[in-house]
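First comes the structure, then the notes that go with it.
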Amino acid sequence: MSKCIICNSETNSLIDSQIRVTHSHCDNCGFIYKDKEFHLSLDIEYENYKMHNNSFESEGYVQIFVNLLNDYIKPLNINGKILEFGSGPGPVLKELLLREGYDVFDFDPFFNKNMDYLKHKYQLITSTEVVEHFVEPLKEFEHLSGLLAKDGYLLLMTRLRTMDTNEFLNWWYRRDLTHISFYTLKTFEEIGKKYGLKIVKTNNVNIIIFQKI
Ligand SMILES: [Zn+2]
């Protein structure tokens with residue numbers, strides 16, 4: 001069997017007959033990774049993202065970010081730069097942050113390829129509904145950690161999976177064909193250990209905040 005791409009432990013194969021894909025599942029950190037042969041091509045991935053209704057026209061979508069801003073971002077008392085990483089076709093969170101007077105940069109590998117964001121260090125990096133799309137999570141987290149200022153925060157929004165693999169095989173979140181990396185809190189702890197990131201807050205559902213130590 002292959003090794004876990006996060007913690008290097010043994011994995012076992014998880015057959016998902018409903019959506020006809022296989023995943024590798026790590027018994028140690030709980031990371032589940034969709035097998036490479038089932039990853040979408042970049043073109044098809046792009047087409048999928050364009051269809052997402054992620055804009056100010058979607059009221060429910062905007063409310064999610066208003067809540068994130070009020071409940072999680074404002075309490076961090078950020079007064080430096082913020083990076084919205086993976087901001088997508090309609091950068092709602094970026095716009096909300098700008099309206100609050102924050103100094104915001106954004107980057108998206110499909111919709112905003114401006115590389116100027118690499119010139120700065122950030123007091124906060126937000127990445128919402130992004131890390132589940134990562135093909136090479138460690139590489140991405142190393143990159144993000146390297147962009148954080150000392151004591152800076154990395155705020156992720158992604159659905160945490162439970163440790164129960166049967167539940168996973170019935171979970172709506174896995175059905176999105178662009179979702180390939182599924183994390184538990186333990187997975188995030190393993191990632192944090194590698195790149196000097198400590199989990200300082202989580203709602204145990206879909207929001208995780210790391211601080212650079
Ligand atoms: Zn693992």
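Because only heavy atoms are used, hydrogens play no part in the values below, and waters and symmetry mates are left out as well, while side chains stay in. Note that ligands are numbered from 1 as they come in the structure, with each ligand's atoms numbered from 1 the same way.
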Notebook entry, point to check: Going by distance alone, is a donor N or O of one side chain under 3.5 Å from an acceptor N or O of the other, for Glu132 and Thr158?
Noted result: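 Checked: Glu132/Thr158 side chains pair up, N/O donor to acceptor below 3.5 Å.
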
ask   = Can we say Glu100 and Lys74 salt-bridge, meaning some charged N sits less than 4.0 Å from an Asp/Glu carboxylate O?
value =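 Between Lys74 and Glu100 there is a salt bridge, with a charged N closer than 4.0 Å to a carboxylate O.
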
Check: With a 4.0 Å cut-off, would you call Lys3 and Glu10 a salt bridge?
Finding: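 Here Lys3 pairs with Glu10 in a salt bridge, since their nearest N and O are under 4.0 Å apart.
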
- Partners passing salt bridge (Lys or Arg N to Asp or Glu O under 4.0 Å) against Lys121 (at least two apart in sequence or in another chain):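 Checked Lys121 against salt bridge (Lys or Arg N to Asp or Glu O under 4.0 Å); zero matches.
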
Under a 3.5 Å distance rule, please check whether Asn203 uses its side chain to pair with a backbone N or O of Ile207 as donor and acceptor.
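Between the backbone of Ile207 and the side chain of Asn203 there is a qualifying donor-acceptor contact (under 3.5 Å).
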
- prompt: For the Zn ion (ligand 1), which protein N/O/S atoms are closer than 2.8 Å?
  reply: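 Metal shell, protein only: Cys4 SG, Cys7 SG, Cys26 SG, Cys29 SG.
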
Pair Thr162-Glu167, side chain to side chain donor-acceptor pair (under 3.5 Å): steps then yes or no:
CA-CA 7 Å; Thr162 65; Glu167 250 172 66; 3.1 Å; yes

